[in-house]
Number of protein chains: 4
Amino acid sequence: MKPTANVLLTGFDPFGGETINPSWEAVRALDGEIVAGRTIRAVQLPTVFGRSLTVLRAALKRFRPDVVICVGQAGGRPQLSLERVAINVDDARIPDNAGKQPVDRAIARDGPAAYFSTLPIKAMRAALADAGVPAEISQTAGTFVCNHVFYGLMHALAATPNVRGGFVHIPFLPAQAARHAGAPSLAQEDVTRALRVMLATALATRADRRIGGGATH
Amino acid sequence: MKPTANVLLTGFDPFGGETINPSWEAVRALDGEIVAGRTIRAVQLPTVFGRSLTVLRAALKRFRPDVVICVGQAGGRPQLSLERVAINVDDARIPDNAGKQPVDRAIARDGPAAYFSTLPIKAMRAALADAGVPAEISQTAGTFVCNHVFYGLMHALAATPNVRGGFVHIPFLPAQAARHAGAPSLAQEDVTRALRVMLATALATRADRRIGGGATH
Amino acid sequence: MKPTANVLLTGFDPFGGETINPSWEAVRALDGEIVAGRTIRAVQLPTVFGRSLTVLRAALKRFRPDVVICVGQAGGRPQLSLERVAINVDDARIPDNAGKQPVDRAIARDGPAAYFSTLPIKAMRAALADAGVPAEISQTAGTFVCNHVFYGLMHALAATPNVRGGFVHIPFLPAQAARHAGAPSLAQEDVTRALRVMLATALATRADRRIGGGATH
Amino acid sequence: MKPTANVLLTGFDPFGGETINPSWEAVRALDGEIVAGRTIRAVQLPTVFGRSLTVLRAALKRFRPDVVICVGQAGGRPQLSLERVAINVDDARIPDNAGKQPVDRAIARDGPAAYFSTLPIKAMRAALADAGVPAEISQTAGTFVCNHVFYGLMHALAATPNVRGGFVHIPFLPAQAARHAGAPSLAQEDVTRALRVMLATALATRADRRIGGGATH
C-alpha cells in the first residue's frame, strides 16, 4: 500500500552566476522515494526573497508533511551545515534572482527575532558521522534567501508544533568547485545519501540528543 | 564639570589556557575617559556562565549607562566583529572558568529565541573603516560565554529601550597569536581606538544606516 | 595484446592517526587498468622517511614506467594539488610511521635545492577542470614524507629525462572528514577518475601549456 | 664613531590596487638606524619583474651589506612569514606594476631550481616568539615579484657566501585590511620591531637552530 504521509524536501534554483544548484540536484534525486513509511516530496524554490516563501507555503499546504528539510547551497563551506537558528532579517550581499537586494529588512514584521530548528540536529549529525558524511552544527544560516526561507518555514510551522522543520546548507558540487579556486565540494551522491540519513533520524527521534555542537565564538 | 552620565564597557578575564584577555586590556585602558559627555566605566566579567551576568547586571544598576558595549576575545577571527544577534542557548565547546560546560540549555527560560543588537552596527562599521580599523558585521556570537553575556545584556535592557547595547568580538593580541600557529591578531591600541570610535558613533547615531553587511550563508 | 609499457602510481599507508589513506585507496583502484596503451601499476609506499624511497626505487626498477605520479594525503586541502616543486629538506611536524621526526635535514646531500615536476601540470589542471574535478597548482608539497618522496622520485629520474614524474596531493575522504571538524573532502571515485584524466593528459602532452597557475605569495 | 658596515632592508612600492605597501612603510622607518654595529639601509624596489632586481643589485653593490632582508606584502597572510625557499619560476596571477604577467618563465636561465634562505629563520622565529610577534616558517614565497626578488637576491649572493640573505612576507596594515573583508593585519610598529629583532638575531647567529618548522603538506 502506498504511504499517505509525506515528508518535504526543498532545493533552490541556481543563483550567483552558477548554472546548477547542488541543493536541487540532491533533493530531486529523492522525489517519490519512500522513507520510514512516508513519501518524499521534492520541491524547487526560486532564489528570490518573498516568492520562495510563497512556493514553500503552497507545498506545505499541498503535501502536509510532518518533517520538512529545506536545503541550500553554501559555496565555500566544506561540510554539511545543520543550521541551528533562523533570524528575522534580510541583508543581501548579492541580488537575488529577481534583482532584489534588501538591507536590514525584517522577514516577518510581527515575527520574533529568531526561530530555532525543530529538527533533532545533534542526533542527525551523530547519524551522519556514523554514515561517514562530514557535517557540522552551524550557528548562522546567513542573511540571504536561505535564511529567509528557513525563517519563513519556521514562522509558517509555528502554528503546527507537530510538524518539524529546519535547514541544511551544503557545499558546492565538485564540478562547481572546479571553477572556484580553493573551494571545497561534496559529491551529490553523498548529499543525497545524507538526506536519507537525516530524514530517517528525524522521523525516529523525538527529543534531540544532548551532544556538544557549539562554537566558542 | 564632571559628566554625570556613563557609558559601560565590559571585558572578560582570561580563559581557554590564555594568561591575558585582550577584551579586558582594551576596555580597562578607557576606564574613566570622557567620550561625548559621558564617563566610560570599564568592568571585568568572569568567563563563567551565570556569574558573568550577575556582575553585568550589578554594573548596569550601579552606572546606569545609556550605551553598553560588551567585548570578548574571538581567537582566530581576523577583524573586529560587530555582533548582530544573540541567541538563547548555551552550548559550550570548552568548559568555562568554573568548569561548567552546558549543552543546549536556554539562557532565559522565558526569553525569546534571540535579541538583535540595539547598537548602530552599520554606522559603527563605516566609522571604523574611515578610521582604518578592520571590522566586520558578524551574524553569530557563538554559543559560549560571549553569546551568553550578549543575550543576558539584551534581556536585561529589554525593559529600558532608551539604553542601547551590543557585543563586539576582537582578535587575539599579537603576543597571543605568537603562540598560536597561523592565528591573526590586532594590537591593543587599535582595539582601544576602535572602542572610542564605536562609542562616539553610537552616541551620535539614533537610527542605524542602511548599509549592506550580510552573509550569503 | 597486453601492453608491455607501464605507468606507475604510488599511494601511502595511513598515518597521523588515520586508519585509511585516500591516496592508496585511489591508486589501488586503478592497478592493472590500461591507459593509452600502458598498464597502470599501483604500489603502496610506507609513510616513513628513507624506506618510502627504497620501495619507490624498487618499483621504478621493476616496472620501468615512462610516467610516474606519486599521490599523498593532504588533510585539510580542499582540492587536488598538482605539485610544482619538491625541495631538498625534511622538516617533520609529526613523527613518521617509524617514529622518526627529522628537522632541517637534506634528503640528498649531493642533490640540488629543488626539482620541478616534469609532468605537464598546467595541461593536467585544464583537463581536470573540463572533467569537473576541482584541482589547483600548488607551490609547496610541504616538508614531510610526501615532499620527501616527491624529491626522491625526481632525484631518481634525473638520469632518465624521458621518464616523467611528479606528485599530487589529495584531500581527505568524506568518511575521514566526518571525524575532523571543518575539514573538506573529495570522494575516492572523483580522485580515481582524476588520476585517469591526469595519466592520459601526461601521456598525450609533451610540452606543457602556458596557462597561469601562480600564487601572488 | 659611525659604523662602516651596513645591513640592507628592502620594501616594495604599492601594487594590486593598494595605495600603500606595508613592506616599504616598515623598512623605511628603520633607515639609518644602527643595529649591532651596522647601519640599516632601506631601499624601495619597484613591484616589477626584472627592474626590481636591477635596483636590488645596485643596492647590494652600493652598500655591501653582510645581511639582507627583503620584505614584501602578503595580503591575506595572518603572521610574518619567514620564507624558507625561493624557486626559479615567474608565474604571475596579476600583472606587475609595468603591466607584465609572465607565465612559467625561469628567473635565471642558468640558475638552479631553487635557493634556500641563508638567514637563520628558525632562530629568528624563536626570537620573534619571545618578543611577542606572531611569525611562521613559510615553505613558499609564491611565484610573483616577491619570489622573483628572493630568488634574484640569492642568485646574486651565491658568489659571496659570507653575505647572508632571505625574504620575509608581512600581512596587510590594519588600514588596508579595513578595505578587505576578512583580511588579517599587523600594525607597522610590530613589523618594524620584528625587523629589529630579526636583524639582531641574524647578526648574532651563525648556524641556525634545529627547531621544527615544517608543514605536513
Side-chain angles (χ1 to χ4, degrees), chain A residues 15-16 47 72-77 81 83-96 101-106 111-117 120-122 137-148 150-151 154 167 169-171 207-217, chain B residues 15-16 47 72-77 81 83-96 101-106 111-117 120-122 137-148 150-151 154 167 169-171 207-217:
Chain A
F15 70 95
T47 305
Q73 166 190 302
R77 290 203 192 176
S81 292
E83 297 294 347
R84 187 195 288 268
V85 64
I87 62 175
N88 190 9
V89 68
D90 292 331
D91 191 356
R93 206 175 52 72
I94 57 172
D96 70 11
Q101 195 170 357
V103 171
D104 292 349
R105 196 185 59 189
Y115 285 105
F116 287 108
S117 176
I121 56 175
K122 300 294 183 70
I137 303 300
S138 164
Q139 327 298 336
T140 173
T143 59
F144 192 54
V145 182
C146 287
N147 174 73
H148 181 85
F150 182 15
Y151 185 92
M154 303 317 293
F167 197 95
H169 266 119
I170 64 174
D208 198 4
R209 295 171 63 183
R210 291 264 167 149
I211 311 170
T216 309
H217 56 79
Chain B
F15 70 96
T47 305
Q73 165 190 303
R77 291 204 191 177
S81 292
E83 297 295 347
R84 188 196 287 269
V85 64
I87 62 174
N88 190 8
V89 68
D90 293 331
D91 190 358
R93 206 175 52 72
I94 57 173
D96 70 11
Q101 194 169 356
V103 171
D104 292 347
R105 195 185 60 191
Y115 285 105
F116 287 108
S117 175
I121 56 174
K122 300 294 183 73
I137 303 300
S138 165
Q139 326 300 336
T140 174
T143 58
F144 193 55
V145 182
C146 287
N147 173 74
H148 181 85
F150 182 14
Y151 185 93
M154 303 317 293
F167 197 95
H169 266 121
I170 64 174
D208 197 4
R209 295 172 62 184
R210 288 265 169 147
I211 311 169
T216 308
H217 55 77

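Note that the coordinates shown come from a computational prediction; the quantities given were computed from them, not determined experimentally. Naming convention: chains lettered A, B, ... in sequence-line order (proteins, then strands); numbering from 1 in each chain.
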Colleague: Please determine, among A:G212, A:A74, A:A114, the option with the most heavy-atom pairs under 4.5 Å with chain B.
Modeller: A:A74
Colleague: Holding to side chain to side chain donor-acceptor pair (under 3.5 Å), I want the full list of residues that pass it with A:R209, two or more places apart in sequence or in another chain.
Modeller: none
Colleague: Of the listed residues (A:I87, A:D208, A:I211, A:T216), which shares the most heavy-atom pairs with chain B below a 4.5 Å separation?
Modeller: A:T216
Colleague: Is a side-chain N or O of A:S138 found less than 3.5 angstrom from the main chain of A:E83, in a donor-acceptor match?
Modeller: no
Colleague: Mark yes or no for whether B:N88, through its side chain, and B:P112, through its backbone, hold a donor-acceptor pair below 3.5 Å.
Modeller: yes
Colleague: Check whether A:N147 gets within reach of chain B through its side chain, its backbone, both or neither, counting any heavy atom under 4.5 Å.
Modeller: neither
Colleague: Does B:R105 have any salt bridge (charged side-chain N to carboxylate O under 4.0 Å, His left out) partners at least two apart in sequence or in another chain, and if so, which?
Modeller: B:D90
Colleague: Counting heavy-atom pairs closer than 4.5 Å to chain B, which one of A:R77, A:H169, A:Q73 comes out on top?
Modeller: A:R77
Colleague: Look only at the side chain of A:S117 and the backbone of A:R84, and say whether a donor-acceptor pair between them is shorter than 3.5 Å.
Modeller: no
Colleague: Between A:I94, A:I137, A:V89, which residue shows the highest count of heavy-atom pairs closer than 4.5 Å to chain B?
Modeller: A:V89
Colleague: What option among A:G213, A:G76, A:A92 has the most heavy-atom pairs under 4.5 Å with chain B?
Modeller: A:G213
Colleague: Counting only heavy atoms closer than 4.5 Å, note whether A:A141 contacts chain B via side chain, backbone, both or neither.
Modeller: backbone
Colleague: For the interface with chain B, which of A:V145, A:V103, A:V85 has the highest count of heavy-atom pairs at distances below 4.5 Å?
Modeller: A:V103
Colleague: Quick one: pull up CG in B:D96 and NE2 in B:H148 and give me the separation to the nearest 0.5 Å.
Modeller: 8.5 Å
